[in-house]
Amino acid sequence: MIVATLQEPDDFEAWRDEARRLVSQGHAPHEVSWRDAAESEDLFAAPPAHTFSPAPATSARTVRANRAFLDQAHLAILHRDGARLDLLYRILWRLQDEPRLLGDPADPDAGALHRLVRQVRRDIHKMRAFLRFRAMPEDTGPPRYLAWFEPDHRIERANAAFFRDRFASQRWSILTPRLTLHWDGKSLNEAPPARREDVPAHDATEDLWLGYYRSIFNPARLKVGAMVKEMPRRYWKNLPEAAQIPALIAGAQQREAAMIATGAPPADEPAPTTREALADGIAQCRRCPIGCNGTAPVLGEGPLDPPLLILGEQPGDTEERTGRPFVGPAGELLNAHLTRAGIARAQAYVTNAVKHFKFERQGRRLLHQNPTANEIDHCRWWLEAERALVRPRAILALGASAGRALLGRTPSIGRERGCPIPLPDGTPMWLTVHPSYLLRLNGAASTRETERFKADLALVSAHLARENRLHTPA
Ligand code: URA
């Protein structure tokens, strides 16, 4: 039996080099036993215990591993399951003759690998979502930030680049039971494990964060089961805001009832009643991160009292640059379909659920990012004010985000398209897909979805014709 020992349990490159060598020399999985030094103190005390003697070079064969396997193995190796290294080796061995192995949903090895990857991915996401920095005042210079986190798997190093990029200009340390990561603004270094007590229990910035959490906690949206699933209880002890959750849940129904009774929006100022006031208010809105991202808002355009309001999701970069909704590629496609359906865009009011462009910067490019449900909910206050001002008699909602902005829940387009949905004030709303969805499709899917989109617009057009408004000769 060959015992192959990995000195660092998350060292994918070391595993890959050794595994490639063993496969190339023809060692079947039952001949190789993989360990990592972290698994046993004996092994740790007596590394590397690799009793393998290289076979003659003549027996070496080329080893193939496709990108999908390498990507998944990269993550799976971070799992704490002690059997993961043997599993990876077995899969690499089998891939030599079964290149489609990972696509077989019934294969137990493929299934086990997918499971490990899923759990590691989830852990990576949890660390990004639930790690909380606390400010440590420094004698000189800006504060240093410390955070304590207990991941389930060995994901600390894999996540380091994420925190480095996100907090590049700060000095911070992430302390964990396995190792500590330090970023000094220029380089990332590792230090020995730490203890939870090494991080202060409270800091001043926490009060700001707690206030923010209270303000965005929406009692009307409260689903305790879903919340616990997303934010498992075991993370609560390290989350300052979690201490508030029981009280917020307890008060949620009361607050929801109060919101419904007063119809109060999540702000205490009165809703704007002129276009200018609406434009000013939106331009100054900082209630969610999109409002703070420095982009110019894109306001709705079109006549007041229109027969139709067309609602999109959010402006894209072309819209942001020109300050007008639906003027980029999705807008061009929308215009073509509206014309074909006999709906005159110039007589409709066109706007978006979210008024600022949400993007991720990639080099010089700004890539569109979907707004979260929370961001859509925050912007609903502006949309409600806009609707009250514009008074459309019918609404066409393009995509699930637009649907959510109007309904207060994320609708199923598949189930809810094709007939008008009455909004609480009686306005009929038609729901269909967003034109940018059509732009992403090809072939048969594109043809099928385009036909369904046309059929949806034809229904709206027929309604407008019945109302004798907005109908242009097709
Ligand atoms: N997509 C939208 O939803 N709205 C726009 O204004 C442009 C693209």
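We're numbering straight along the sequence, starting at 1. Whatever order the structure lists ligands and atoms in, that order sets their numbers, starting from 1.
- Judged as a side-chain hydrogen bond (donor to acceptor under 3.5 Å, both in side chains), and not counting sequence neighbours, the contacts of His182 are Ser173.
- Taking 4.0 Å as the cut-off between side-chain N and carboxylate O, Asp184 and Arg144 do not count as a salt-bridged pair.
- Taking the charged nitrogens against the carboxylate oxygens, Asp104 and Arg100 have no contact shorter than 4.0 Å, which rules out a salt bridge.
- For Arg171 and Tyr145, the positive end is not near the middle of the six-membered ring at less than 6.0 Å and at most 45° from its axis.
- Listed by chain and residue number, Arg157, Arg178 satisfy the side-chain hydrogen bond (donor to acceptor under 3.5 Å, both in side chains) test with Asp10 (two or more places apart in sequence, or in another chain).
- Residues lining ligand 1 at a heavy-atom distance below 4.0 Å are given as Gly312, Glu313, Gln314, Pro315, Glu319, Pro325, Phe326, Asn352, His434, ordered by chain and residue number.
- By the side-chain hydrogen bond (donor to acceptor under 3.5 Å, both in side chains) test, His337 pairs with Arg340, sequence neighbours left out.
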